[in-house]
Amino acid sequence: MTAWEPPDRPRSRLAYCCPEKMAEDREPPPLADAVQTDFREVEEGEDLFVSTVSTAEQLSPTSPEPASFPAEDISTNSNGPKQEILLDDDQEDLFAEATEEVSLDSPEREPILSDGPSPAITPVTPTVIITPRVDALFDRSLDEDEEAEENGDTFDMQITVSDPEKVGDGMNAYMAYKVTTKTSLSLFSRNEFSVKRRFSDFLGLHSKLASKYMHIGYIVPPAPEKSIVGMTKVKVGKEDLSSAEFVEKRRSALERYLMRTVNHPALVKDPDVIQFLENTELPRAVSTQALSGAGILRMVNKAADAVNKMTIKMNESDAWFEEKQQQFENLDIQLRKLHASVESLVCHRKELSVNTASFAKSAAMLGNSEDHTALSRALSQLAEVEEKIDQLHHEQAYADFYLFSELLGDYVRLITAVKGVFDQRMKTWSKWQDAQVMLQRKREAEAKLQYANKPDKLQQAKDEIKEWEAKVQQGERDFEQISKNIRREVERFEKQRVKDFKVVIIKYLESLVHTQQQLIKYWEAFLPEAKAIA
Amino acid sequence: MMQEGLDDGPDFLSEEDRGPRAVNVDLQTDATLQVDISDALSERDKVKFTVHTKSTLPNFKQNEFSVVRQHEEFIWLHDSFVENEEYAGFIIPPAPPRPDFDASREKLQKLGEGEGSMTKEEFTKMKQELEAEYLAIFKKTVAMHEVFLCRVAAHPVLRKDLNFHVFLEYNQDLSVRGKNKKEKLEDFFKNVVKSADGVIVAGVKDVDDFFEHEKTFLLEYHNRVKDASAKSDRMIRSHKSAADDINRIASTLYTLGTQDSTDMCKFFLKVSELFEKTRKIEARVAADEDLKLADLLKYYLRESQAAKDLLYRRGRALVDYENANKALDKARAKNKDVLQAETTQQVCCQKFEKISESAKQELIDFKTRRVAAFRKNLVELAELELKHAKGNLQLLQSCLAVLKGDT
């Protein structure tokens, strides 16, 4: 394992970015500083970061503003200023189109890109080329089914994550993965390219996407989970089987994560995604750490979120949502149960493999000590058969795991994301309601002022009413939009789910078939040997 | 002398053929004495075996009769053989292990306690599983008791034993109580002394090559069979656990199938059905491995111990004989108690030679039996594994065909 680059230093990575911004960058609270380089992946469950990101904005002091989807991403330690983000028109256009179906009439919408000095980074091709496809994808007049089909037909992208390489030493070490993209999509500047990424980069990507899209109802695929134990073993340099397995498990998970992300019609076009896949260097996502300032903010938000959720009582006018939520709830329970059973199966099969190998050795010893020649030979043959069978069990356990168990794990996490967007809708509704309440109050205040004869205050009141009327309208639009998005997303999700499960289950059954065929081969070879005992 | 083709060890009946009671077709002493266990009853903490005998021997009052016996009475019979000096030169058929339903009973109890926490289907399924397990253990213990009796009945000398006849015929309780604490303690010390003595005796080099070889062979063989038996048990346990997991997976898939709103539901239901069936097969594989492999090894663990015991007795007799020789020489030298020494020496000599003669044949027969038993069981094991694998394969392939056709 050769060191790919000197141990991480954010400074060098960001060198090409706006230098003056780096000062801001380096201001994480002292707490984070101390632990920053030590615990790259000490964080808790992954979920902690998924759902809190989007709420960050809503609880931030800047939230009551015309744009109902403040684009600032407090959670990422972004270079850019927290307010206006200067982007050139290219990006803006791209986003206008990408989010076309969300809201055509929000000129004050801030570009959602989080990294400040991005013009240099994303070599976005002129939007002209993209437009027809985008139109095709997002044209609201198209039937939703048709749209999905278009997606399937024209989608041509293959991402592989490979060559895990340990970079650095000790607790500062990390694994670098090679991410190779092969595509004919014109979104990208080349047809085939690869970059090196580390785990926190993936988390950073997810974090950005979640903050941009979850609150408008898109189901953003969750990133793989962090693991303290696994990573520590790797860092410490333990080159045993379990570390290798851990790295392989992670590599596979990262690959699936990226494929799911780019399979999403909107996400694949997101500049952050494109940047992630194409750019040689990526600003380090330090805010994915648990103990950074952003991390702590996330935890606080998540707690507040949970409380809010309990207090929001939504009048569900649309039975579809209620039904779907219940369905996902049930699906969640069953998938978790299934996942647990499959994990248990993997465990027992591994155990079976080990015990079979152990028995094989024992049978060989017995054969050795048996003084009847023919029987002795037969026992040795039995030992050989059992040894082959233990290999078989071992392979089957792998298939159990990588095909079945991981799929279930992925879907358990995906459903959490789905539940997340439903919650977002609730929040959006709540915001709309709050705006209505505010409007009412302002109206009442104005009415009172009518009689108080304070012309300047009256004017202010009238202005405020206008302001809140606009907000109410926006709130309603937002709510309708997110509802619409969710409907579409859920449909896409379900189609994908059906496809995924069918494909994987068939593959899994095929692996079982293979195992049985091998078993037959082995025992058929042994039978004559047993009969030959004279 | 011993017949050829004697009882070739345990003929553990697979679940299918509990029909005809005659265990061993190899038994050439068919007509004169046939013993089997025709029925068994499992009560709270004991099992009652109905021992059924068919005989043309004049010793018995009738030609066919049955008695009810419990495990302790089998042990009494076995111990009476062991303690009988006349039988010192024989491999005493190993005593059947005590019926042990504890584990199974515990599981059933746990299931009963956890009834509230699972669905009705799950509960019924698990209950059926455990009941099947209980039944399997029950069948095994019956088989093992039966094999013991058959081995005795097949032995030309042991079959004539009076205690054996009483055991078979006396239709009242033998009043054989289990050993009380004092007796158990005595047994324990006897065993300790015996092992210590065994070490000394084993250390004495035998003039006879055959026995010297047998000694070395049996020692090693016994240990390795012990190891193989333990490992096979572990392997089979893992297999059972995996089958249990597949059972749970099948249940959850079924629930998913009934809940799902997409066309996955048919898919899930079909796969659930498949796993239900494959699970049953996997459980059978584990059960058959248990019967054909694990039980075989366990039996030969006990038999090899019995053979070792025989060698020990012969070794003991040899040591006694040599000591008697030395004593005789001393007596002759001192010219004191010569006659007594001579008689002792003669007795020891006779004893030793008698044991040696029969021991040799017994050990040869042991090998024959062993080879035959292993052959039979290994062949049957392979055949069953093949049968189950083919069954599994067929189920999987037909299910796959349906699923692929649907999509």
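First the proteins, then the strands, lettered A, B, ... as listed; each starts at 1.
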Turns out that what part of Lys324(A) lies under 4.5 Å from chain B's heavy atoms comes down to side chain

So for Val271(B), is it side chain, backbone, both, or neither that comes closer than 4.5 Å to the heavy atoms of chain A? side chain

Heavy-atom closest contact (Phe267(B) atom, Phe501(A) atom, distance): CE2-O, 4.4 Å

Could you walk me through whether Ser344(A) and Asp245(B) pass the side-chain contact (heavy atoms from CB on, under 4.5 Å) check? CA-CA 7 Å; Ser344(A) 176; Asp245(B) 287 326; 2.7 Å; yes

When only pairs under 4.5 Å are counted, which of Leu375(A), Asp371(A), Val498(A) shares the most heavy-atom pairs with chain B? Asp371(A)

Atom of Ala389(B), atom of Ile520(A) and distance for their closest heavy-atom approach: CB-CG1, 3.5 Å

Over all atoms of both residues, closest heavy-atom pair of Trp523(A) and Leu381(B): CH2-CD2, 4.1 Å

Considering only heavy atoms, which portion of Glu370(A) lies under 4.5 Å from any heavy atom of chain B: side chain, backbone, both, or neither? both

Please look at Glu351(A) and chain B and tell me whether the side chain, the backbone, both or neither of the residue comes under 4.5 angstrom of a heavy atom of that chain. both

Quick one: closest heavy-atom pair of Leu352(A) and Ser238(B), and the distance? CA-CB, 3.6 Å

Over 60° means perpendicular and under 30° means parallel, so classify the ring planes of His239(B) and His393(A), tilted if in between. perpendicular

For residues 228-236 of chain B, which side-chain donor-acceptor pairs fall under 3.5 Å, sequence neighbours excluded?
{"from": "Lys231(B)", "atom 1": "NZ", "to": "Asp227(B)", "atom 2": "OD1", "distance (Å)": "3.1"}
{"from": "Lys231(B)", "atom 1": "NZ", "to": "Asp227(B)", "atom 2": "OD2", "distance (Å)": "3.2"}
{"from": "Ser232(B)", "atom 1": "OG", "to": "Ala228(B)", "atom 2": "O", "distance (Å)": "3.4"}
{"from": "Ser232(B)", "atom 1": "OG", "to": "Ser229(B)", "atom 2": "O", "distance (Å)": "3.0"}
{"from": "Asp233(B)", "atom 1": "OD1", "to": "Lys298(B)", "atom 2": "NZ", "distance (Å)": "3.3"}

Decide side-chain contact (heavy atoms from CB on, under 4.5 Å) for His388(B) and Leu519(A); before the verdict, give the C-alpha distance in whole Å, the side-chain angles of both, and the deciding distance to 0.1 Å. CA-CA 10 Å; His388(B) 294 317; Leu519(A) 273 176; over 6 Å; no

Rounded distance [0.5 Å steps], NE2 in His372(A) versus OG1 in Thr368(B): 8.0 Å

Let me know if Tyr254(B) has heavy atoms under 4.5 Å from chain A in its side chain, its backbone, both or neither. neither

Dump the intermediate steps for side-chain contact (heavy atoms from CB on, under 4.5 Å) on Asn368(A) and Glu220(B), then the final yes or no. CA-CA 10 Å; Asn368(A) 273 347; Glu220(B) 194 185 56; over 6 Å; no

Heavy-atom distance under 4.5 Å to chain A: side chain of Ile281(B), backbone, both or neither? neither

Find the distance between CG (Leu338(A)) and OG1 (Thr255(B)) and round it off to the nearest 0.5 Å. 9.5 Å

Just checking Glu510(A): does its CD atom have more than 12 heavy atoms from other residues, nucleotides or ligands closer to it than 6.0 angstrom? yes

Hey, are Lys495(A) and Asp263(B) close enough for a salt bridge, meaning a charged N less than 4.0 Å from a carboxylate O? no

Can you tell which part of Leu379(A) gets under 4.5 Å to a heavy atom of chain B, answering side chain, backbone, both or neither? side chain

Can you tell me if Glu212(B) has over 12 outside heavy atoms packed within less than 6.0 Å of its CD? yes

Give, for atom CG of Leu512(A) and atom CD1 of Ile246(B), the distance between the pair rounded to the nearest 0.5 Å. 7.5 Å

Heavy-atom closest contact (Gln334(A) atom, Gln259(B) atom, distance): CG-OE1, 3.5 Å

Under the criterion side-chain contact (heavy atoms from CB on, under 4.5 Å), I'd like the reasoning laid out for Glu383(B) against Leu527(A): C-alpha separation, chi angles, the key distance, then a yes or no. CA-CA 7 Å; Glu383(B) 285 173 346; Leu527(A) 189 55; 3.8 Å; yes

Side chain / backbone / both / neither for Glu323(A) at chain B, heavy atoms under 4.5 Å: neither

Under 4.5 Å heavy-atom distance to chain A, tell me which part of Leu395(B) shows up: side chain, backbone, both or neither. neither

Interchain contact, Lys390(B) with chain A, by part (heavy-atom threshold 4.5 Å): both

Let me confirm one number: the NE2-CD1 distance from His339(A) to Ile249(B), rounded to the nearest 0.5 Å. 11.0 Å

Contact part of Tyr221(B) toward chain A, heavy-atom cut-off under 4.5 Å: side chain, backbone, both or neither? both

Could you check which of Lys337(A), Glu529(A), Glu524(A) has the highest count of heavy-atom pairs closer than 4.5 Å to chain B? Glu524(A)

What option among Leu256(B), Thr262(B), Val371(B) has the most heavy-atom pairs under 4.5 Å with chain A? Val371(B)

Mark yes or no for whether Arg248(B), through its side chain, and Ser341(A), through its backbone, hold a donor-acceptor pair below 3.5 Å. no

Return yes when atom NZ of Lys249(A) has more than 12 non-hydrogen atoms of other residues, nucleotides or ligands closer than 6.0 Å, and no otherwise. no

Neighbour count >12 (heavy atoms, 6.0 Å) for atom CD, Glu245(A): yes

For Asp244(B) and His348(A), run side-chain hydrogen bond (donor to acceptor under 3.5 Å, both in side chains): C-alpha distance rounded to whole Å, both residues' side-chain angles, the deciding distance at 0.1 Å, then the answer. CA-CA 10 Å; Asp244(B) 284 341; His348(A) 285 136; over 6 Å; no

Take atom CE in Met365(A); do more than 12 heavy atoms of anything else shown fall under 6.0 Å from it? no

Side chain / backbone / both / neither for Leu509(A) at chain B, heavy atoms under 4.5 Å: both

Region of Phe328(A) that comes under 4.5 Å of a non-hydrogen atom in chain B: neither

When only pairs under 4.5 Å are counted, which of Ser369(A), Ala530(A), Cys347(A) shares the most heavy-atom pairs with chain B? Ser369(A)

Closest non-hydrogen contact found for Arg375(B) with Ile533(A) is NE-O, 2.8 Å

Lys125(B) atom NZ: more than 12 heavy-atom contacts under 6.0 Å: yes

At what distance, to the nearest 0.5 angstrom, does CD of Gln517(A) lie from CG of Leu396(B)? 9.5 Å

For the atom pair OH (Tyr508(A)) and CG (Leu400(B)), what is the distance rounded to the nearest 0.5 Å? 12.0 Å

